[in-house]
Q: 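Got a structure here, written out as structure tokens. Questions coming.
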2 protein chains.
Amino acid sequence: MRDEIAIFREFVRMKGLRNTPERETIIREICATRDHFDVDELYLRLKRKKKKISKPSIYRLIPLLLEARLIQEAYFEEGHLHYEPIYGREHHCHLRCLNCGKTIEFTEEFLDKLETKLAEEYDFVIRGHKLEVFGYCSKCKLHI
Amino acid sequence: MRDEIAIFREFVRMKGLRNTPERETIIREICATRDHFDVDELYLRLKRKKKKISKPSIYRLIPLLLEARLIQEAYFEEGHLHYEPIYGREHHCHLRCLNCGKTIEFTEEFLDKLETKLAEEYDFVIRGHKLEVFGYCSKCKLHI
DNA sequence: GTATGTGCAAATCATTTGCATTCTC
DNA sequence: GAGAATGCAAATGATTTGCACATAC
């Protein structure tokens with residue numbers, strides 16, 4: 001988390017923007033669990049800890065965190081996006097249960113090769129990928 | 001498109017629901033281009049053709065079309081979901097330009113093997129996957 | 001000192017819902 | 001004829017914006 005803060009400070013400096021204690025508080029909270037989150041849930045977590053952070057401040061910070069590659073979009077569900085911190089983590093994909101929402105993270109080295117292949121074939125500079133596999137988990141598949 | 005209509009008729013019959021001319025009009029419009037679409041754009045397309053279809057009717061139809069596997073979610077962008085018709089099409093993935101939105105569809109047989117592997121490893125019944133690769137296309141990569 | 005960030009309240013946009021009416025089966 | 005579907009208008013929920021004030025650089 002120290003790293004993420006340092007990276008963000010450098011990021012805003014390079015962009016000519018400003019850092020604030022509110023932003024660092026949000027980043028610390030995101031990194032504290034290293035888990036998936038959405039805006040509302042993050043807001044409530046901060047509120048529970050008596051941090052006075054408004055939702056707009058979270059919404060305004062997210063594009064910066066995405067650009068700084070400290071977080072990424074994980075999946076869209078229940079009508080809103082879910083994000084996850086990614087700094088210092090190996091890239092991974094998600095296997096999700098359509099019934100109970102259980103999520104398993106897995107890594108797949110083949111996808112790097114695929115990126116290289118696509119870059120050549122279509123003359124793209126690849127920045128990343130998002131793979132979601134969905135189905136029913138061991139428990140839910142019995143009732144479906 | 002004849003096929004999709006027939007499939008939808010059978011689908012509603014099996015579910016004890018009802019078919020309507022409005023629903024067939026929407027399905028025809030979706031299949032007419034076989035292209036990605038979002039609700040608002042679809043609504044405007046229908047409006048331009050003087051079809052009197054309300055947005056709620058589109059919103060109410062989409063879950064049925066997803067369940068009948070006539071469409072699938074393609075990607076979330078600009079604050080809303082985009083869909084695409086899939087009936088009679090080979091499953092494919094998307095390569096998207098982060099700058100101009102250019103989208104290339106590609107197929108990758110490896111992903112079927114991955115599904116099988118994940119099903120065994122995590123005891124899931126797999127229903128599908130969504131892979132998006134993003135980066136900058138040949139034109140945009142020069143200016144970024 | 002300037003101009004960026006903050007919190008609040010209001011606005012916006014996508015989507016859903018209640019309801020009276022219409023239509024399918 | 002019963003129960004679904006439609007269109008409209010209103011409600012909801014997520015996100016964005018305007019603005020006055022605070023604060024980072």
Side-chain angles (χ1 to χ4, degrees), chain A residues 5-6 8-30 36-47 49-68 70-71 73-83, chain B residues 5-6 8-30 36-47 49-68 70-71 73-83:
Chain A
I5 296 288
F8 187 72
R9 284 179 183 166
E10 176 62 11
F11 176 80
V12 287
R13 206 179 57 72
M14 294 303 289
K15 302 267 298 183
L17 300 173
R18 290 167 194 178
N19 193 21
T20 64
E22 287 84 354
R23 290 180 167 182
E24 296 201 356
T25 300
I26 297 169
I27 295 170
R28 279 203 195 83
E29 185 57 39
I30 288 171
H36 298 182
F37 66 93
D38 58 55
V39 171
D40 195 60
E41 176 204 318
L42 177 58
Y43 173 72
L44 292 174
R45 257 156 64 191
L46 289 162
K47 193 165 202 164
K49 297 188 181 174
K50 311 292 182 202
K51 310 287 188 188
K52 299 229 180 313
I53 307 284
S54 70
K55 276 195 194 184
S57 290
I58 299 176
Y59 278 112
R60 286 187 268 234
L61 179 57
I62 281 176
L64 300 181
L65 297 180
L66 287 168
E67 195 182 341
L70 292 174
I71 64 170
E73 293 176 2
Y75 47 85
F76 179 85
E77 230 173 69
E78 300 157 328
H80 56 265
L81 278 166
H82 297 245
Y83 304 87
Chain B
I5 296 288
F8 186 74
R9 283 178 182 167
E10 177 62 11
F11 175 81
V12 288
R13 208 178 56 72
M14 294 303 289
K15 304 264 299 181
L17 301 172
R18 289 164 195 181
N19 193 20
T20 63
E22 287 85 354
R23 291 180 166 182
E24 296 201 354
T25 300
I26 297 169
I27 295 170
R28 278 204 194 83
E29 185 56 38
I30 289 172
H36 297 184
F37 66 92
D38 59 53
V39 171
D40 196 59
E41 176 204 316
L42 178 59
Y43 172 72
L44 292 174
R45 256 156 65 190
L46 288 162
K47 194 166 199 162
K49 296 188 180 175
K50 311 293 182 205
K51 310 287 187 188
K52 299 229 181 314
I53 308 284
S54 69
K55 276 195 192 182
S57 290
I58 298 177
Y59 278 112
R60 286 187 269 234
L61 178 58
I62 281 177
L64 301 181
L65 296 180
L66 287 168
E67 195 182 341
L70 291 174
I71 64 171
E73 293 175 3
Y75 47 85
F76 179 85
E77 229 174 68
E78 300 157 329
H80 55 264
L81 279 166
H82 297 245
Y83 303 88

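The figures that follow rest on heavy atoms only: side chains count, while hydrogens, waters and symmetry mates do not. To find a chain, count down the sequence lines: A is the first, B the second, and so on, and within it residues start at 1.
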Q: Mind running a 4.0 Å heavy-atom check of residues 10-22 of chain A against DNA chain D and sending the residues that fall below it, in number order?
A: A:R18, A:N19, A:P21
Q: For A:R45, check salt bridge (charged side-chain N to carboxylate O under 4.0 Å, His left out) against everything at least two apart and list the hits.
A: A:E29, A:E41
Q: Can you name the residues that form a salt bridge (charged side-chain N to carboxylate O under 4.0 Å, His left out) with A:E24, not counting sequence neighbours?
A: A:R9, A:R28
Q: Can you pull out every salt bridge (charged side-chain N to carboxylate O under 4.0 Å, His left out) where at least one residue sits in residues 51-64 of chain A? Sequence neighbours excluded, please.
A: A:D40-A:K55
Q: Return yes if some donor-acceptor pair links the side-chain N/O of B:T25 with the main-chain N/O of B:P21 below 3.5 Å, else return no.
A: yes
Q: Run B:L70 and B:L64 through side chain to side chain contact (heavy atoms under 4.5 Å, CB included) and show every step you take.
A: CA-CA 9 Å; B:L70 291 174; B:L64 301 181; over 6 Å; no
Q: Who pairs with B:F11 by ring pair (Phe, Tyr, Trp, His ring centres under 6.0 Å), at least two apart in sequence or on another chain?
A: none
Q: Rounded to the nearest Å, what distance is computed from the CZ atom of residue A:F76 to the P atom of nucleotide D:dG13?
A: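 Value for this atom pair: 15 Å.
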Q: Just to verify, what does B:L81 make a side chain to side chain contact (heavy atoms under 4.5 Å, CB included) with, not counting sequence neighbours?
A: A:F76, B:E73, B:F76, B:Y83
Q: Nucleotide range of DNA chain C contacted by chain A, 5' to 3', under 4.0 Å to a heavy atom?
A: C:dT2 to C:dA9
Q: Tell me, please, which residues at least two apart from B:H80 pass ring pair (Phe, Tyr, Trp, His ring centres under 6.0 Å).
A: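 By the ring pair (Phe, Tyr, Trp, His ring centres under 6.0 Å) rule, B:H80 matches B:H82.
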Q: To the nearest 10°, give me the bend of the helix from C:dG1-D:dC25 to C:dC25-D:dG1, comparing the axes of its five terminal pairs at either end.
A: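 End-to-end axis angle: 40°.
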Q: What is the distance from NZ of B:K51 to P of D:dG7, rounded to the nearest Å?
A: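 Whole-Å distance recorded here is 13 Å.
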Q: Report yes if some heavy atom in the side chain of B:L61 is under 4.5 Å from a heavy atom in the side chain of B:F8; otherwise report no.
A: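 In short, these two side chains touch, coming nearer than 4.5 Å.
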Q: Which residues, if any, of residues 52-62 of chain B bring a heavy atom under 4.0 Å of DNA chain C?
A: B:P56, B:Y59, B:R60
Q: May I have the distance from B:E77 (atom CD) to D:dT15 (atom P), rounded to whole angstrom?
A: 16 Å
Q: Only counting residues at least two apart or in another chain, list the ones meeting ring pair (Phe, Tyr, Trp, His ring centres under 6.0 Å) with A:Y43.
A: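 With sequence neighbours excluded, A:Y43 shows a ring pair (Phe, Tyr, Trp, His ring centres under 6.0 Å) to no residue whatsoever.
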Q: Would you mind telling me which residue lines up with the more 5' stretch of DNA chain C, A:I26 or B:G79, judged by nearest nucleotide?
A: A:I26
Q: To the nearest angstrom, how far is A:R23 atom CZ from D:dA22 atom P?
A: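 From A:R23 CZ to D:dA22 P: 19 Å.
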Q: I'd like to check the salt bridge (charged side-chain N to carboxylate O under 4.0 Å, His left out) partners of A:K47; sequence neighbours left out, ordered by chain and number.
A: none
Q: Rounded to the nearest 0.5 Å, what separation is found between the CG atom of A:N19 and the CD1 atom of A:I27?
A: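 Here the interatomic distance stands at 6.5 Å.
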Q: Report the distance from atom CG of A:L66 to atom CD1 of A:I71, rounding to the nearest 0.5 Å.
A: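 Reported value, rounded in 0.5 Å steps: 4.0 Å.
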